[in-house]
Amino acid sequence: MWRARRAAVACEVCQSLVKHSSGIQRNFPLQKLHLVSRSIYCSHHPTLKLQRPQLRTSFQQFSSLTNLSLYKLKLSPIKYGYQPRRNFWPARLAARLLKLRYIILGSAVGGGYTAKKTFDEWKDMIPDLSDYKWIVPDFIWEIDEYIDLEKIRKALPSSEDLAKLAPDLDKLAESFSLLKDFFTTGHKLVSEVIEASGPLLLLGSPGETAFRATDHGSESDKHYRKVSDKEKIDQLQEELLHTQLKYQRILERLEKENKELRKLVLQKDDKGIHHRKLKKSLIDMYSEVLDVLSDYDASYNTQDHLPRVVVVGDQSAGKTSVLEMIAQARIFPRGSGEMMTRSPVKVTLSEGPHHVALFKDSSREFDLTKEEDLAALRHEIELRMRKNVKEGCTVSPETISLNVKGPGLQRMVLVDLPGVINTVTSGMAPDTKETIFSISKAYMQNPNAIILCIQDGSVDAERSIVTDLVSQMDPHGRRTIFVLTKVDLAEKNVASPSRIQQIIEGKLFPMKALGYFAVVTGKGNSSESIEAIREYEEEFFQNSKLLKTSMLKAHQVTTRNLSLAVSDCFWKMVRESVEQQADSFKATRFNLETEWKNNYPRLRELDRNELFEKAKNEILDEVISLSQVTPKHWEEILQQTLWERVSTHVIENIYLPAAQTMNSGTFNTTVDIKLKQWTDKQLPNKAVEVAWETLQEEFSRFMTEPKGKEHDDIFDKLKEAVKEESIKRHKWNDFAEDSLRVIQHNALEDRSISDKQQWDAAIYFMEEALQARLKDTENAIENMIGPDWKKRWLYWKNRTQEQGVHNETKNELEKMLKCNEEHPAYLASDEITTVRKNLESRGVEVDPSLIKDTWHQVYRRHFLKTALNHCNLCRRGFYYYQRHFIDSELECNDVVLFWRIQRMLAITANTLRQQLTNTEVRRLEKNVKEVLEDFAEDGEKKIKLLTGKRVQLAEDLKKVREIQEKLDAFIEALHQEK
């Protein structure tokens with residue numbers, strides 16, 4: 001019917017020519033009929049009405065019966081007005097009817113052939129989309145199983161609306177305006193008609209040629225047709241571009257409506273309307289697998305070949321902007337020319353009812369529709385990056401895991417890597433460039449990773465270094481997608497637009513790619529919204545010469561097409577490789593289980609967390625055992641330790657100065673004053689220190705003592721760390737010193753010894769103290785004078801010259817003491833001179849200070865021996881003590897002093913024991929629990945404190961099992977979705 005309609009139009013034109021044309025003498029080339037044929041093909045347009053004024057002409061008529069060829073045809077010029085006619089009208093009528101038959105037949109055949117040829121040309125102009133079927137996701141072909149197409153068909157625009165979107169035929173009909181001029185001038189009209197029917201040889205009878213067209217034309221006609229063809233091609237390309245954009249708008253509108261509907265459905269599911277438990281999405285399950293893998297091997301082991309979309313590019317090339325356009329939110333920190341991406345960021349995109357983002361290790365959700373939450377999210381990402389970067393470094397290989405959910409997001413996992421740099425600037429670590437290269441290579445060497453190579457279109461392509469890196473990792477371009485950013489700036493700055501086409505087609509780089517895309521990431525303003533950037537991008541490509549001149553295809557532009565292509569490629573790679581990876585982890589699990597059975601056949605497979613829990617219980621049991629220590633044991637330890645700390649002060653600063661006095665009254669007064677000063681300033685503090693150290697020692701003893709066969713040395717480092725940290729955190733009660741000071745002061749003021757047993761105990765305590773001091777003094781004198789004659793003969797030891805001088809001085813001072821046993825504690829100056837002169841007379845040169853030092857030890861020994869003898873005399877002095885030493889020369893005030901010290905020690909030990917058992921042990925137990933809780937949350941602490949082959953093997957076995965289980969669940973869900 002289509003061809004018949006055009007043939008009918010051609011017939012009407014031919015009839016008007018037969019009736020009203022005048023003779024024209026001209027040769028018509030056969031191959032120049034295509035242009036007018038195309039014009040005739042479009043002549044059915046309603047706006048084109050062919051009219052011709054009535055002409056009265058006379059011409060000589062020919063038919064096939066005259067046996068004259070078309071080469072002899074001569075037409076007279078057009079003449080207007082009345083012309084005389086012959087009267088043989090029956091013959092003329094027959095001749096006209098016969099010729100009309102051939103004209104109609106020739107026009108029909110020629111018009112049909114021309115229409116077919118035009119249709120074939122248009123068909124060749126349409127690009128071959130068979131190579132880009134991978135862009136369309138697989139689920140599109142099965143969409144009728146999941147979406148009610150009948151409802152969508154009803155929602156589609158009517159045929160009248162779609163007709164409005166068809167190419168504007170009015171513009172195409174403009175080419176027929178010249179045809180009107182042809183009809184107004186007779187010679188052009190006839191030439192175009194003959195060209196329309198000239199491509200065929202019409203046969204009037206078998207073996208006879210009806211007419212032929214010659215191949216001679218004017219140069220002006222050739223030039224006109226060339227210009228006309230170029231204009232028509234440009235018009236058709238522009239119309240095709242507008243049509244594609246219109247259909248794309250319709251598709252976006254439908255997708256938006258579908259997004260809103262899915263959002264409502266998901267919201268209903270969240271509210272529990274359907275009362276069913278929602279399963280995890282495929283992308284969430286896959287992201288969990290990658291998170292476990294990241295924890296299992298932070299160095300990104302090469303055996304992990306699960307697909308990821310790795311985003312690489314030069315610094316400030318627009319990587320982060322492309323990722324934000326795909327995620328539909330400005331989620332990353334931004335800076336002007338500053339390195340902002342300092343560690344890899346794994347972004348998992350999934351579909352959800354609300355546009356939110358959350359970290360793997362946090363439950364807080366950031367609402368991406370609110371600017372406050374967006375700012376908080378960017379700040380949190382920046383803090384995490386700076387926390388991952390160690391001191392002295394600029395970038396870190398540790399990955400930050402972020403989940404982004406929202407309606408209409410393409411499901412995939414992307415990893416944003418730090419931008420590749422060419423030069424290390426000030427403020428960066430010297431190895432920053434090499435570290436970035438190593439991180440990028442570690443991710444790209446995965447044979448199943450999809451490399452999203454980002455190239456800045458606004459700078460010279462020769463300045464890029466990322467393309468060389470990508471070409472090394474993927475030389476055949478089987479998993480690389482090339483993205484040219486900032487195309488708007490590139491089109492404005494580049495002098496030759498064909499250079500952009502060469503970049504897109506990969507002709508300027510040695511790198512090959514699976515697909516090439518061009519995107520616009522905004523106008524350079526960081527405050528632009530995603531919606532504004534998208535509108536600007538669409539407007540730019542709609543008016544861009546790159547599309548109008550076919551340098552870029554429509555499917556190669558906009559971040560929307562890019563995200564669709566990357567998502568489809570990602571899932572294709574996942575389906576092809578995930579089962580193979582699951583098999584490899586099964587083999588790894590079998591090897592680890594075999595190794596455990598061979599090395600630890602009788603031990604359970606406890607990973608680091610389970611071992612920590614076991615150690616935690618043991619430590620808490622040991623802390624509780626502190627409360628089971630008997631009060632007697634506490635008091636004995638406290639009293640003994642406190643006396644060891646204060647004995648030197650008591651003997652040297654209290655007893656010895658008081659014993660130098662001449663009578664008992666002065667002795668008691670001196671003792672009381674010194675005891676009061678000691679109690680006010682030093683004694684309570686010393687007592688608290690002793691109690692705290694005693695608690696530490698007991699706690700350490702319980703923590704470190706072996707438990708027999710049940711003891712596991714794998715916990716030793718952890719227990720030691722817990723002990724040190726708990727002791728560091730523990731602080732004694734500040735009010736303990738004040739209350740203890742009052743108790744000690746009251747105990748020292750009591751001088752009443754109630755019975756003989758207490759008296760004997762005081763004497764025994766005094767004897768022990770004095771004997772210990774005497775022993776220390778003897779050792780000091782021995783070190784001063786050297787070995788005696790027995791050791792010299794038995795052990796072959798000799799004295800040094802200094803020891804000999806000390807020995808001579810000691811002998812001289814002992815002679816002085818024998819002469820006066822009640823000599824005071826200090827030497828007079830004349831006595832020092834006498835001793836020095838006596839030694840010089842024997843040839844021994846001494847210094848006065850050496851004499852004083854030797855005298856201190858000699859007199860100390862003499863005094864202690866005298867005090868011990870006096871102590872023996874006081875054993876029977878309790879009777880005289882009760883009578884206050886009346887009518888007796890015996891005075892035992894020193895025994896009373898030591899009894900007061902002994903009683904103070906006992907009361908202090910009892911007070912400290914009560915405070916330990918009632919308060920401090922519980923506070924220490926609380927501190928231990930807090931330390932254990934802190935260590936439990938600190939993974940690095942556990943890794944540092946729980947080490948060894950057994951721990952690492954159990955840890956690997958647990959991770960591999962978890963990965964395998966999650967992979968199996970993911971594969972099962974993937975098959976169900978298929």
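One-based numbering along the sequence shown.
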Exercise. Determine whether the side chains of S627 and R922 contain a donor N or O and an acceptor N or O closer than 3.5 Å.
Key: no

Exercise. For the residue pair Q744 and T908, confirm or rule out a side-chain donor-acceptor distance under 3.5 Å.
Key: yes

Practice problem: Answer yes if the side chains of T679 and H745 hold a donor-acceptor pair under 3.5 Å, and no otherwise. | Solution: no

Quiz item: So, T777 and R861: side-chain donor and acceptor under 3.5 Å apart, yes or no?
Solution: no

Exercise. Establish, yes or no, whether the cationic atom of R384 lies under 6.0 Å from the six-membered ring centre of F359 and within 45° of the ring axis.
Key: yes

Practice problem: Give a yes or no answer on whether the side chain of H862 reaches the backbone of E821 with a donor-acceptor pair at less than 3.5 Å. | Solution: yes

Self-check item: Plane angle bin for Y655 and F898 - parallel if under 30°, tilted between 30 and 60°, otherwise perpendicular
Solution: perpendicular

Quiz item: Is there a donor-acceptor contact under 3.5 Å linking the side chains of K942 and N609?
Solution: yes

Quiz item: Are R836 and E812 close enough for a salt bridge, meaning some N to O gap below 4.0 Å?
Solution: no

Quiz prompt | salt bridge (charged side-chain N to carboxylate O under 4.0 Å, His left out) between R729 and D934, intermediate numbers included | solution = CA-CA 13 Å; R729 295 186 184 185; D934 294 342; 2.9 Å; yes

Self-check item: Ring geometry between W596 and Y600 (parallel below 30°, tilted from 30 to 60°, perpendicular above 60°)
Solution: tilted

Quiz item: Any side-chain donor-acceptor pair under 3.5 Å between S754 and Q758?
Solution: yes

Quiz item: Do N617 and E613 have a side chain donor and acceptor closer than 3.5 Å?
Solution: no

Practice problem: Classify the side-chain pair Q857/D853 by whether it contains a donor and acceptor separated by less than 3.5 Å. | Solution: no

Quiz prompt | Side-chain donor-acceptor pair present, T666, N663, cut-off under 3.5 Å | solution = yes

Quiz item: Hey, would you say the W899 and F765 ring centroids sit under 6.0 Å apart?
Solution: no

Practice problem: If the plane angle is over 60° it's perpendicular, under 30° parallel, otherwise tilted; pick one for W855 and H823. | Solution: perpendicular

